[in-house]
Colleague: 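Take a look at this one; I'll ask things after.
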Protein chains: 2
Amino acid sequence: MAGDQSGIHSGDGTVGKALDVLDRVAAFGRPVRFSELMAASPYPKATLFRLLQTLTSQGMLALDPERSSYAPGLRLVRLAHAAWRQASLAPIARPFLDALSAETGETVHLAQLDGAHVLYLDKRNARVPVDMFSQAGKVGPAHCTGVGKAMLAFLPEADLARLIPQMSFHRHTPATLATPATLRAELAEIRRTGHAFDREEHEPGIICVAAPILSSRGRVLGALSLTTATARSSLGALAARAPRLSETAAAIAAEAEAWQFPDDAGRRAAIGG
Amino acid sequence: MAGDQSGIHSGDGTVGKALDVLDRVAAFGRPVRFSELMAASPYPKATLFRLLQTLTSQGMLALDPERSSYAPGLRLVRLAHAAWRQASLAPIARPFLDALSAETGETVHLAQLDGAHVLYLDKRNARVPVDMFSQAGKVGPAHCTGVGKAMLAFLPEADLARLIPQMSFHRHTPATLATPATLRAELAEIRRTGHAFDREEHEPGIICVAAPILSSRGRVLGALSLTTATARSSLGALAARAPRLSETAAAIAAEAEAWQFPDDAGRRAAIGG
DNA sequence: GTATCTTGTTCCATTAAACGGAACCATGTT
DNA sequence: AACATGGTTCCGTTTAATGGAACAAGATAC
């Protein structure tokens, strides 16, 4: 039924397959039985079985014996702890997001580039303090989001050239920039002004202003955005926030760089008793 | 220098080794260079190199080319998203923790059993709404925490017999139950009353009451606790909260079970635009 | 400016592990 | 009792991982 969703995961031997299986289990979003996975994977029965067994014994998957179904394991949660802390700007940016959110009352996003997609790392919703994990880990299109365009604009040409062919250019709304040419023109403009707008390009009625987070050497680390609805605000009002946004982005970048050179600090194992 | 921290990670072949390397990278808590890992791992140079290469190409690690150092990759963050949502009770329990916290003004913990250890999944600190990730993923001893004992008490005897020998029975405070016998006596009492106390067994001056989260079939899903200090409150006052705590635990269990049988709902890929 | 060291990468014959077809077992069905 | 269906184990074959050693590339020392 589900069919196998992608033969794409090329294959660094056994490890690649094991991780592919892990992804497939995670993608189900619920405990999944052997036979379901079997149907959704290209692997022969015995192989899949051994792979699952290995992952389970490693704690990457958990086997519910009552229901005889697999789910992501606790080891993954422990790893997540570590990954979240370092793999991303999230922990550094957190207080800055809080401040921006309090100050503007608007929705704040933090994102990083993951291939040709945007990976949201954190979010503040002025009103309800939204569950972080409900947002973190989400992916979205790069060509029609403020954060996406802000990051693309400051990528080296070589990277950009590699990424553009991977994009869908799906026309989410009438305003979506749906060709490489229009996107590139927009990126040039963003480079000039230093910030990007989403003019209802992703969702009707939703607009945002975004700023890239750049290292001192100009490398793209991530992006920040303020989002609102046309019903409540306007592009002009958002534009007025742009300087504050860029300033915050710069502050995050500065901290991120300081953090990279502990050179001696942070020797302790990150995993407490 | 660092020496290799554990030869314990038995070894399901290649996958086991790869995951072991992943753990080691994560444990550093900062970007780490090849040679540092080399020194901290039992693997020969070429092997470690290939392992790192595989993990990197799989997106589980990210290689910063400027600094030529490895850090946990974004794929791990994406997997974390999935793991957190299903592997744990956290998303389901969240609103209940909020309610308990608001109602009691005390610290609230949510934990699951991870082998013979307690894995904290979420926490509420009445005063400052604590960064979730600063707590999630932490592990602690099972024999001298409220949540630990609450869960152990309702485990099938077979599991308990397997787990007890793995415990350290380290005497954290004078009140710590430091032998299997005293622990078992306590567990019997907990089974009788339905809730567990931590009588300064883990940290002096810190007490708590905990209730197990049990499935309708009686399987241990996790535990909930209210923690306070002897300076501010007493065991008696905590005991008065026990019924409310158990009630909440039951409510979480009910939702968790409903969640297990969507059978059709939640088909969408958790990955939004 | 050459020698040397430290750090990271590639080779390749050896060895070990993954593979997968098929047989098998356990439950639940007609 | 015969038969699915879903899951697990066997075992000869195939493929991939291994790791010692040689090799490149910067960084330091001389």
Side-chain angles (χ1 to χ4, degrees), chain A residues 1-4 7 9-25 28 30-58 60-71 73 217 260-261 263-264, chain B residues 1-4 7 9-25 28 30-58 60-71 73 158 217 260-261 263:
Chain A
M1 236 136 265
D4 75 333
H9 269 291
S10 44
D12 298 89
T14 317
V15 175
K17 282 172 214 167
L19 294 176
D20 175 49
V21 168
L22 196 56
D23 268 353
R24 286 171 196 273
V25 173
F28 268 83
R30 61 176 172 81
V32 66
R33 316 199 71 209
F34 180 89
S35 53
E36 298 180 281
L37 273 170
M38 180 73 213
S41 310
Y43 311 107
K45 227 206 278 198
T47 300
L48 180 62
F49 180 75
R50 241 174 319 98
L51 247 23
L52 287 171
Q53 206 168 248
T54 301
L55 287 170
T56 302
S57 109
Q58 289 292 327
M60 299 296 282
L61 289 179
L63 172 57
D64 178 341
E66 282 180 30
R67 194 169 275 97
S68 72
S69 59
Y70 296 88
R217 283 202 219 59
Q260 299 270 47
F261 303 100
D263 265 346
D264 135 276
Chain B
M1 252 183 206
D4 73 334
H9 270 292
S10 44
D12 298 89
T14 316
V15 175
K17 281 171 214 168
L19 294 176
D20 176 49
V21 169
L22 195 56
D23 268 353
R24 286 172 196 272
V25 173
F28 268 82
R30 61 177 171 81
V32 66
R33 313 197 81 210
F34 180 90
S35 52
E36 299 180 280
L37 272 170
M38 181 73 214
S41 310
Y43 311 106
K45 226 205 282 199
T47 300
L48 180 62
F49 180 76
R50 241 172 322 98
L51 247 22
L52 286 172
Q53 206 167 249
T54 301
L55 287 170
T56 302
S57 109
Q58 289 293 326
M60 299 296 282
L61 289 179
L63 172 57
D64 178 342
E66 282 179 30
R67 194 167 275 96
S68 74
S69 59
Y70 296 89
R217 282 203 220 59
Q260 300 268 46
F261 304 100
D263 266 348

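First the proteins, then the strands, lettered A, B, ... as listed; each starts at 1. None of these values were measured; they are calculated from a predicted model.
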Colleague: So if I take every side-chain heavy atom of B/Thr14 and compare against C/dA17, C/dG21, D/dA21, which nucleotide ends up nearest?
Modeller: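 Closest nucleotide among those given: C/dA17.
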
Colleague: What is the separation between atom CE on B/Met38 and atom C1' on D/dG19, rounded to the nearest whole Å?
Modeller: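 Roughly 10 Å, once rounded to whole Å.
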
Colleague: A/Leu52 has an atom CG; how far is it from atom C1' of D/dG7, in whole Å?
Modeller: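 Those two atoms, CG and C1', are 11 Å apart.
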
Colleague: Of the listed nucleotides (D/dT18, C/dG8, C/dG21), which one gets closest to any side-chain atom of A/Ala46?
Modeller: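 It is C/dG21.
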
Colleague: Would you mind classifying the nucleic acid contact of B/Arg33 as base, sugar-phosphate or nothing, using non-hydrogen atoms under 4.0 angstrom?
Modeller: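 Result for B/Arg33 = sugar-phosphate.
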
Colleague: Are B/Ser35 and C/dG8 close enough that a side-chain N or O sits under 4.0 Å from OP1 or OP2?
Modeller: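 Affirmative; the distance criterion is met.
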
Colleague: NZ of B/Lys17 versus C1' of D/dA17: gap in Å, rounded?
Modeller: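 Rounded to whole Å, this separation is 7 Å.
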
Colleague: Could you work out which one of C/dT10, C/dA18, D/dC10 sits closest to the side chain of A/Arg50?
Modeller: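 It is C/dA18.
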
Colleague: In whole angstroms, how far is the C1' atom of D/dA17 from the CG atom of B/Asp20?
Modeller: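 Roughly 16 Å, once rounded to whole Å.
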
Colleague: Could you check if a side-chain atom of B/Phe34 sits within less than 4.5 angstrom of a side-chain atom of B/Lys45, using non-hydrogen atoms only?
Modeller: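 Result yes, sub-4.5 Å side-chain heavy-atom pair found.
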
Colleague: Locate the shortest heavy-atom distance separating A/Leu22 from A/Leu55; write the atom from each residue and the value.
Modeller: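 Result for this residue pair: N-CD1, 4.2 Å.
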
Colleague: Using a distance-only criterion (donor-acceptor N/O pair, under 3.5 Å, no hydrogens), is the base of C/dG21 paired with the side chain of A/Lys45?
Modeller: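 A donor-acceptor contact between them is absent.
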
Colleague: Rounded to whole Å, please give me the gap between OH in B/Tyr43 and P in D/dG19.
Modeller: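 Distance check: B/Tyr43 OH to D/dG19 P gives 10 Å.
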
Colleague: As an exercise, state the distance from OH of A/Tyr70 to CG of A/Leu52, rounded to the nearest 0.5 Å.
Modeller: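 The distance works out to 4.5 Å.
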
Colleague: Separation of B/Phe34 atom CZ from D/dA25 atom C1', in whole Å?
Modeller: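 Nearest whole value for this atom pair: 15 Å.
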
Colleague: Which whole-number value in Å describes the distance from B/Leu48 CG to D/dG20 C1'?
Modeller: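 It works out to 15 Å between those atoms.
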
Colleague: Ignoring the backbone of B/Pro44, work out which of C/dC19, D/dG19, C/dT10 is nearest its side chain.
Modeller: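 Comparing C/dC19, D/dG19, C/dT10 against the side chain of B/Pro44, the answer is D/dG19.
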
Colleague: Are A/Thr47 and A/Arg50 side-chain neighbours, meaning at least one heavy-atom pair lies under 4.5 Å?
Modeller: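 Yes, their side chains come closer than 4.5 Å.
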
Colleague: Rounding to an integer number of Å, can you tell me how far B/Leu51 CG sits from D/dA17 P?
Modeller: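 From B/Leu51 CG to D/dA17 P: 9 Å.
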
Colleague: Any heavy-atom pair between the side chains of A/Tyr43 and A/Asp20 that's under 4.5 Å?
Modeller: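 Yes. Closest side-chain heavy atoms under 4.5 Å.
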
Colleague: Which is more 5' along DNA chain C, the nucleotide nearest B/Phe49 or the one nearest B/Val15? Just name the residue.
Modeller: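 By nearest-heavy-atom nucleotide position, the 5'-most residue is B/Phe49.
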
